[in-house]
S.K.: 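Below is the structure I would like to discuss, written out as structure tokens.
Predicted model only: the values in this text are computed from it and were never measured. Hydrogens, waters and symmetry mates are skipped; everything else that's a heavy atom, side chains included, is used. Quick note on labels: first sequence line is chain A, next is B, and so on, each numbered from 1.
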Protein chains: 2
Amino acid sequence: MPYAYDYPRAALTVDCVVFGLDEDDLKVVLIQRDLEPFAGAWALPGGFVHVDESLEDAARRELQEEAGLSKVFLEQLYTFGDVRRDPRERIVTVAYYALVNIRDHRVQAATDARNAAWFPVTDTPTLAFDHDNILHAALERLKGKVRYRPIGFELLPTKFTLSQLQRLYETILERPLDKRNFRRKALAMGFLEETDEIEQDVAHRAARLYRFNEKKYRRFVKQGFLFEL
Amino acid sequence: MPYAYDYPRAALTVDCVVFGLDEDDLKVVLIQRDLEPFAGAWALPGGFVHVDESLEDAARRELQEEAGLSKVFLEQLYTFGDVRRDPRERIVTVAYYALVNIRDHRVQAATDARNAAWFPVTDTPTLAFDHDNILHAALERLKGKVRYRPIGFELLPTKFTLSQLQRLYETILERPLDKRNFRRKALAMGFLEETDEIEQDVAHRAARLYRFNEKKYRRFVKQGFLFEL
DNA sequence: CCAAAAGTGTTCTCCATACACCCATGC
DNA sequence: GCATGGGTGTATGGAGAACACTTTTGG
């Protein structure tokens, strides 16, 4: 079959901004590069898109290969295509962001033995390529999205306290929230489910654990809704 | 220089969803294809990304070449990368959407003599490739974005009446708005500027013309804001 | 008994909404 | 004078924001 486009082509990659919550810190997965360009520098996990896999498949494969992560929340962020963003040749990258809860997903430097680690988003080294831009865009997206879609739950363990949830929102939005107002509104949404368990091994009164009920959430969305905290 | 990626590569295109307002109809530019695949079918304007131009540059060049449009509001929408979205070979497309006011921007079937025309968004033919998906995504984006960024002004002539503005919002949001509440809120935003002109040649009382003041808008944004109509 | 965080209601203010009539103009 | 849209104010309800003390538990 003839090519539809017989001229030099850009190469295509995917890069992933993987967010996780560690105690009350928002963290991101970075990979230390072992090859030029930017050998030794930290970068977002990512790699070339195979010609026979979709963009999202490529992103999931790279997450698996480079960080040992699977079955995570993943959403397309933006496509970065400046001509000189890679010093080698023209490379366009489709950026994704992922949300994982660190408990369930231990990050491992995987198959290709490069170093993978969690960094606090507020304290990352200068990244390779334009990855600082990508990370910044992902943070902005997270901040915007969290206000009208309950994606925050992806970052928490299955069962969590309302204080954990509140601290998560405060971390992402970078501002304090009022405890009573927060709890009232969070519960009023109607898709938080009280469990009969409480947290363990804390040196103070133990808080009740809640869980996110996705069915209730979907019903809620269908009826037309607005999600604000 | 060696290639960073010596394997078969996807081709890369841009496609543009160009919105315009014609009277009170929201319309979109479509191009009739003269080549296979989908010869004769309507499609979004777009084409291959050159290896030495950025994605946005490619989108602007295609708009110029295929529809004679320049200097329009243009924003990246989403990147569509399903393996089989083009029957010829693997082609990934970065979709953009553009807003133009039809008065200032006459659409012409340009250099390559293909047929270009405006279609009401509510009444488009079945499009080539996955362009129906792309159009649908663009409409959703427009609906969402118009609520917190005043992009609607891009669709109107420089001077417009408040009723025109209201009808625009009603069209995009697909619901009626209250006239008094709309006017109060629109003016309260503080970046609409009353001119001393009124509309001409209407068979009823002539409405005052307003203009969008971008400086005031920017000041408004800086102070932290929420834009809702 | 002290430290630490959990849990709980009320008030006020502001904004979204609902609603109806007179005005200016062209024909 | 009539048809057509332009232009205007008020009352009500609901939601967001501000605010402080008591309870429980472990050490």
Side-chain angles (χ1 to χ4, degrees), chain A residues 21 23-25 146-148 150 156-157 159-171 173-211 220 223-229, chain B residues 21 23-25 146-148 150 156-157 159-171 173-211 220 223-229:
Chain A
L21 198 68
E23 306 300 324
D24 292 339
D25 270 0
V146 87
R147 297 187 56 190
Y148 62 96
L156 292 172
K159 292 171 186 172
F160 49 86
T161 70
L162 292 181
S163 292
Q164 278 181 293
L165 184 62
Q166 178 175 350
R167 282 194 298 268
L168 168 60
Y169 273 83
E170 290 177 331
T171 300
L173 299 175
E174 296 179 286
R175 64 184 168 93
L177 299 169
D178 180 86
K179 182 161 60 158
R180 280 172 290 189
N181 293 336
F182 180 86
R183 295 164 96 90
R184 179 159 8 108
K185 278 156 82 177
L187 293 173
M189 301 290 172
F191 43 76
L192 284 185
E193 221 170 58
E194 194 175 303
T195 71
D196 50 6
E197 294 168 67
I198 56 173
E199 60 180 343
Q200 301 295 323
D201 303 315
V202 285
H204 53 80
R205 176 173 175 180
R208 175 161 307 272
L209 292 172
Y210 289 78
R211 99 160 51 93
F220 181 60
Q223 288 157 16
F225 79 120
L226 204 63
F227 183 82
E228 283 275 356
L229 276 167
Chain B
L21 198 68
E23 306 301 325
D24 292 340
D25 270 0
V146 87
R147 298 187 55 187
Y148 63 96
L156 292 171
K159 293 171 185 170
F160 50 86
T161 69
L162 293 182
S163 292
Q164 279 181 291
L165 184 62
Q166 180 176 346
R167 283 193 298 269
L168 168 59
Y169 274 83
E170 291 177 330
T171 301
L173 299 176
E174 296 179 288
R175 66 184 167 94
L177 299 169
D178 179 85
K179 183 162 61 159
R180 280 172 290 191
N181 294 336
F182 180 87
R183 295 163 96 89
R184 181 162 5 118
K185 278 156 83 177
L187 293 172
M189 301 289 173
F191 43 78
L192 284 185
E193 219 170 58
E194 193 174 305
T195 73
D196 51 6
E197 295 168 67
I198 55 173
E199 60 180 341
Q200 302 294 323
D201 303 317
V202 286
H204 52 81
R205 175 173 176 181
R208 177 162 304 277
L209 292 173
Y210 289 78
R211 106 162 42 96
F220 182 59
Q223 288 157 16
F225 77 118
L226 207 62
F227 183 83
E228 282 275 356
L229 278 168

S.K.: How close do B:T171 and B:D24 get, heavy atom to heavy atom, and via which atoms?
M.R.: OG1-O, 3.3 Å
S.K.: Does the D:dT10 base have a donor-acceptor partner in the side chain of B:R184 within less than 3.5 Å?
M.R.: yes
S.K.: Please figure out whether A:A206 or B:A203 has its closest DNA chain D nucleotide nearer the 5' end.
M.R.: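 Upstream on the strand: B:A203.
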S.K.: Looking at every non-hydrogen atom in both residues, tell me the closest pair between B:Q166 and B:D178 and how far apart they are.
M.R.: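 In this case the closest contact between B:Q166 and B:D178 is NE2-C, 4.0 Å.
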S.K.: So which nucleotide from C:dC19, C:dA4, D:dT24 ends up closest to the side chain of A:R205?
M.R.: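 Among C:dC19, C:dA4, D:dT24, the one nearest the side chain of A:R205 is D:dT24.
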S.K.: How many whole angstroms separate atom NZ of B:K185 from atom P of D:dG9?
M.R.: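 Distance check: B:K185 NZ to D:dG9 P gives 18 Å.
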S.K.: Over how many whole Å does the gap from A:E170 atom CD to C:dA5 atom C1' extend?
M.R.: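 From A:E170 CD to C:dA5 C1': 14 Å.
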S.K.: State which of D:dG27, C:dT25, C:dT17 makes the closest approach to the side chain of B:H204.
M.R.: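 Among the listed nucleotides, the one closest to the side chain of B:H204 is C:dT25.
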S.K.: Nearest to the side chain of A:D178, which nucleotide is it out of C:dA6, D:dC19, C:dA24?
M.R.: D:dC19
S.K.: Name each donor-acceptor pair under 3.5 Å that joins a side chain in residues 198-210 of chain B to protein atoms two or more places apart or in another chain, with its distance.
M.R.:
residue, atom, partner, partner atom, Å
B:E199, OE2, B:A207, N, 3.0
B:Q200, NE2, B:I198, O, 3.1
B:R208, NH1, B:T195, O, 2.8

S.K.: Can you tell which of C:dA6, D:dG6, C:dC19 lies closest to the side chain of A:S163?
M.R.: C:dA6
S.K.: Please name the pair of heavy atoms, one in B:P150 and one in B:Y169, separated by the smallest distance, quoted to 0.1 Å.
M.R.: CA-OH, 4.2 Å
S.K.: Categorize B:R208 for me: base, sugar-phosphate, or nothing, with a 4.0 angstrom heavy-atom threshold over every strand shown.
M.R.: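 Sugar-phosphate, no base atom in range.
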S.K.: If you assign each of B:V202 and A:A207 to its closest nucleotide in DNA chain C, which residue comes earlier from the 5' end?
M.R.: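 That would be A:A207.
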S.K.: In whole angstroms, how far is the C1' atom of C:dT17 from the CZ atom of B:R180?
M.R.: 11 Å
S.K.: Rounded to whole angstrom units, what separation is found between the CD atom of B:Q166 and the C1' atom of D:dG6?
M.R.: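 It works out to 11 Å between those atoms.
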S.K.: Measure from CD on A:E199 to P on D:dT24 and round the result to the nearest Å.
M.R.: 16 Å
S.K.: Can you tell me which nucleotide in D:dG7, C:dG9, D:dG9 comes closest to the side chain of B:K179?
M.R.: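 Minimum distance to the B:K179 side chain belongs to D:dG7.
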S.K.: Distance check needed: D:dA18 C1' versus A:L177 CG, whole Å only.
M.R.: 13 Å
S.K.: Specify the separation, in whole Å, of atom CD of A:Q164 and atom C1' of C:dG7.
M.R.: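 Distance check: A:Q164 CD to C:dG7 C1' gives 16 Å.
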S.K.: Is B:E170 reaching over with its side chain to a backbone N or O of B:L177, donor-acceptor style, under 3.5 angstrom?
M.R.: yes
S.K.: Could you give the CZ-to-C1' distance, from B:R175 to C:dA18, as a whole number of Å?
M.R.: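 Whole-Å distance recorded here is 14 Å.
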